[in-house]
Each structure stands twice: as structure tokens, then as C-alpha cells.
Amino acid sequence: LDSLRLEDENRRILIESYYFSENFDEAEKLAEILARSPLNHYKTLGLEWQDRIIHKKRNIIGNKIR
């Protein structure tokens, strides 16, 4: 595999790790970088993770307000 693909795959794994440990700020930072990838597959994954993170953060904030 080329180095760009390895870097993007590493970012994807880190995003998942941060997301599931509820470290959304770090996950969001990496998702933004991944969403700018020149590789379409990883660009799409980055955009999808951005949406998931936003949705999860809204749910958490909504639950705290109730």
C-alpha cells in the first residue's frame, strides 16, 4: 500500500477509537483531515464520520438539557 492510503487508514482507525471513547473533539479533527483526502474512499469516510460525530454530539447535548 502507498503511504497516503496507510495514513488515511490510520486516521480512520483513530477516528473510530476516539468516537467510541467519546473523545469527539479529537475524532472531529481527524475526520476533517480525512474528508480532504484525495482518495475518494477515504474522503467519503471522513464526511460520514463528520456527520456521525455531529449527530452524536447533538444527542449528548440534548440529553443533558432534559
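For the numbers below, each heavy atom of this structure counts, side chains included, while hydrogens, waters and symmetry mates do not.
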Answer yes or no: is there an ion pair linking Asp8 with Arg5, defined by an N-O contact shorter than 4.0 Å? no
Which distance, rounded to the nearest 0.5 Å, do you find between the NZ of Lys56 and the CH2 of Trp49? 10.5 Å
Is it true that Leu4 and Ile15 fall in one hydrophobic cluster, defined by side-chain heavy atoms closer than 4.5 Å? yes
Nearest 0.5 angstrom please: Ile33 CD1 to Leu14 CG, how far? 10.5 Å
Can you confirm whether the side chains of Tyr42 and Glu9 place a donor and an acceptor under 3.5 Å from each other? yes
Any side-chain heavy-atom pair of Ile60 and Phe24 under 4.5 Å: yes
Working to the nearest 0.5 angstrom, can you tell me the gap between Ser3 OG and Asn10 CG? 12.0 Å
Non-hydrogen atoms of Leu47 and Ala35 that approach each other most closely: CD2-CB, 3.8 Å
From Leu45 CG over to Leu39 CG, what is the distance, rounded to the nearest 0.5 angstrom? 10.5 Å
Could you list all the salt bridge (Lys or Arg N to Asp or Glu O under 4.0 Å) pairs where at least one residue sits in residues 29-54, not counting sequence neighbours? Glu26-Lys29
Interatomic distance, OG@Ser37 vs CD@Glu7, rounded to 0.5 Å, equals 9.5 Å
For Asp2 and Leu6, run side chain to side chain contact (heavy atoms under 4.5 Å, CB included): C-alpha distance rounded to whole Å, both residues' side-chain angles, the deciding distance at 0.1 Å, then the answer. CA-CA 6 Å; Asp2 60 67; Leu6 288 173; over 6 Å; no
Minimum-distance pair of heavy atoms, taken over all atoms of Ile53 and Ala31: CD1-CB, 4.1 Å
